[in-house]
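Take a look at the structure below.
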Amino acid sequence: MAHSVSARKRVRQNEKARAKNKWRMRTLKDSLKSLEDKLLHGAPDTELQKLYRESCAILDRTAQKGVIHKNTAARKKSRLAARIKGRKAGPSKA
C-alpha cells in the first residue's frame with residue numbers, strides 16, 4: 001500500500017488510466033468483431049467499407065494513445081483490407 005501522498009496519487013492515476021485503456025481495447029475488439037461478422041455473413045460492400053473505415057480510425061486512435069503498438073495497428077489494418085479485397089475477388093481455387 002502506498003504511504004506518501006504522491007504514491008497515493010499515482011495509484012489513483014493508474015486506476016483511471018487502466019480503466020480508460022480497458023475501455024479502448026473493448027471498443028477496438030467490438031469494432032473488429034463487428035467487421036469480421038459482416039465479412040463472414042456477406043454484407044454489402046458499402047457497409048463493409050464503412051465499417052473498415054471506422055475500425056481503422058479506432059485502431060489508429062488506440063495506437064496513438066499507446067494502448068497497442070503502431071505496427072500492430074498497421075498489421076491489423078493491412079490484413080483486414082486484404083480480406084475485404086479478397087472477398088470481392090470471389091472464392092479462391094486453392
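Everything numeric here is computed off the predicted structure, so don't read it as measured data.
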Exercise. Under the side chain to side chain contact (heavy atoms under 4.5 Å, CB included) criterion, do L80 and R83 qualify, and how do the steps go?
Worked result: CA-CA 5 Å; L80 284 172; R83 285 193 60 195; 5.5 Å; no
For this session: I would like to know whether K9 and Q13 meet side chain to side chain contact (heavy atoms under 4.5 Å, CB included); could you show each step before the answer?
Result: CA-CA 6 Å; K9 181 178 178 180; Q13 289 175 328; 3.5 Å; yes
Problem set entry | Residues I68, L28; criterion side chain to side chain contact (heavy atoms under 4.5 Å, CB included); working and verdict | CA-CA 10 Å; I68 61 174; L28 174 61; 4.1 Å; yes
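Every residue meeting the side-chain contact (heavy atoms from CB on, under 4.5 Å) condition with A81, not counting sequence neighbours, appears here in chain and number order: Y52.
Other residues, nucleotides and ligands place no more than 12 heavy atoms under 6.0 Å from the NZ atom of K76.
With rounding to the nearest 0.5 Å, the separation of CD in E47 from NZ in K38 is 4.0 Å. To the nearest 0.5 angstrom, L51 atom CG is 9.5 Å from R53 atom CZ. Atom NZ of K29 and atom CD of E36 lie 13.5 Å apart (nearest 0.5 Å).
Between the side chain of S31 and the backbone N or O of T27, no donor-acceptor pair lies under 3.5 Å. T62 places a side-chain N or O within donor-acceptor distance of the main-chain N or O of I58, the cut-off being under 3.5 Å. At least one donor-acceptor pair closer than 3.5 Å links the side chain of N14 to the backbone N or O of R10.
No continuous path of ILVMFWY side-chain contacts below 4.5 Å connects W23 to V67, so the two sit in separate hydrophobic clusters.
Of all non-hydrogen atoms in A63 and H69, the two that sit nearest each other are CB-O, 4.2 Å.
Here the side chains of R12 and K16 are not in contact, with every heavy-atom distance at 4.5 Å or above. No side-chain heavy atom of E54 sits under 4.5 Å from any side-chain heavy atom of L35.
Side chain to side chain, Q64 and R61 fail the donor-acceptor criterion of an N or O pair below 3.5 Å.
Electrostatic pairing of D60 and K70 does not count as a salt bridge here, judged by no charged N lying under 4.0 Å from a carboxylate O. Salt-bridge annotation for R26 and D30: present, with a side-chain N of the basic residue lying under 4.0 Å from a carboxylate O of the acidic one.
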